[in-house]
Amino acid sequence: MAKVIVVTSGKGGVGKTTSSAAIGSGLAMTGAKTVIIDFDIGLRNLDLIMGCERRVVYDLINVINGEANLQQALVKDKRINELFILPASQTRNKDALTKEGVEKVIHTLKEDGFEYIICDSPAGIEQGAMMALYFADEAIVTTNPEVSSVRDSDRITGMLSSKSYRSEQQLTPVKVHLLITRYSPERVQREEMLSIEDINDLLGIDLLGVIPESKDVLSASNLGEPIILNQDSDAGKAYQDAVDRLQGIERDLRFVTCEKKGFLSRIFGG
Amino acid sequence: MTLKSSNFTLLVVNLESESLTALAEELHNKRIMAPDFFKNAPIVVNIEGAALKIDFAQMKQIINEQNFILVGISGDLSSEQKELISAQNIAILRRSIRQSHEPESETSEQIKAVEIPAVSDPHTDVKTKIHTGRVRSGQQIYAKETDLVIHGDVGAGAEVIADGNIHIYGTLNGKALAGAMGDKSACIFCQNLKPELLSIAGVYKLSDDLSGDYVAKSCIVSLQNEQIVLGKLSQV
């Protein structure tokens, strides 16, 4: 049964697209046919993060308007067999997204045998974000350990429980997962950052994963490689754990406590 | 310099009979009630009845004697009355369109009068509203004419509102407004009080104004002498 998963946050710049790319890639690497849809109409980024920007011909809006069929618009990833990207339009307005159009696209993707449909939501709570979450079965709420991000995540979680198809049809509610990104245990210890416990108190959402702050994320984005492909990086490993948990495999939390510096590294500044 | 129209709120006295002694008495009583407020206050006389024969010169004098200033006369006036008014150099005022819908305002008053008894006792037959689960930022839960029970936390930026009492089995991080229709006896009961705002019957307190003794504790919030008062829940 195909699963529609929205990656959302409310606030911008917290790592929705990075997480969509990483988690989508991770799921596809298990052999499941996966598509990542960029809902950020007008500000498309996903194709850059995935490194396929040169191969975009048609986009989501073309498909919704019937100017292209889905097969023409889907961009196949060169690294991972079962992974496809459905890019956003850069020239259109987000009002071009209609409920009927999105429903048709998701329905066709399900018929084509896609197992995971990842919807990369734009920031905010307007049309684009509402359309991205409307048909979701599960949601990954991305949050930075910072009060305004947590507040916006709370708001978007409220939207998931009131403005989605599942809530309107009174089906089982959207399953919400919390993904904390840019977590820095050192700064939490210095009380400069909200801790996992603080965020849990404020949001009360099941934790899917904690991605540590890492320089590797930015360089991976610039290279157009999903960070999960870099398994030397802590962030890549943490995303892999999150993907495993999403599939019901239990994984212990990593990279959430301060590393104790050894004697030598303290002297030589390790 | 420009000449343009503008709206003012004016005192209007309705004149229903030809006798001006009643008018003098009414104005006198008003003036005694609040001498400073009514001193030299502009006033409009509304004539109710086109057939009334009124001595407008005497009316003007009476108003002046009571320290009011006659702005003009309004009402459905006969041409005869208009002539007499003009002869006294008094302005004839026409009501603006918005004000002329008097029957409507009367009905809305009637509706209010009907609603008031229902409001004064919100604990009628309406069943208490129970909300299970967290109330998230941006969500608003309203219990109309009844009490509200929240079984879960209320997030920052969320609002829980009831015409009756509010009970929160969890942490209140957002806003709670009890007695929203004016019931001053309404209370807020909360297991863990960290509110953005507390309000009972329109009287409110912001989190900054709360005494630290009660923050993050189990509390009962009530209204006493128009003041929000907090108390510990366990001591009651």
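Note on naming: letters A, B, ... go to the chains in the order of the sequence lines (proteins, then strands), and numbering restarts at 1 for each one.
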Per-residue contact mode, A/S153 against chain B (heavy atom under 4.5 angstrom) |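 Interface part for A/S153: neither.
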Toward chain B, the part of A/D152 with a non-hydrogen atom under 4.5 Å =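 The answer is neither part of A/D152.
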Residues, nucleotides or ligands: over 12 heavy atoms within 6.0 Å of [X] [atom1]:
X	atom1	value
B/Y142	OH	yes
A/K163	NZ	no
A/Q170	CD	no
B/K217	NZ	yes
B/N40	CG	yes

Under 3.5 Å, is there a donor-acceptor pair between the side chain of B/R136 and the main chain of A/L203?
->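 Answer holds: yes.
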Exercise: identify the closest heavy-atom pair between [X] and [Y]:
X	Y	value
B/R134	A/D154	CD-OD1, 4.4 Å
B/D153	A/D201	OD2-O, 4.2 Å
A/R151	B/S137	CD-OG, 3.4 Å

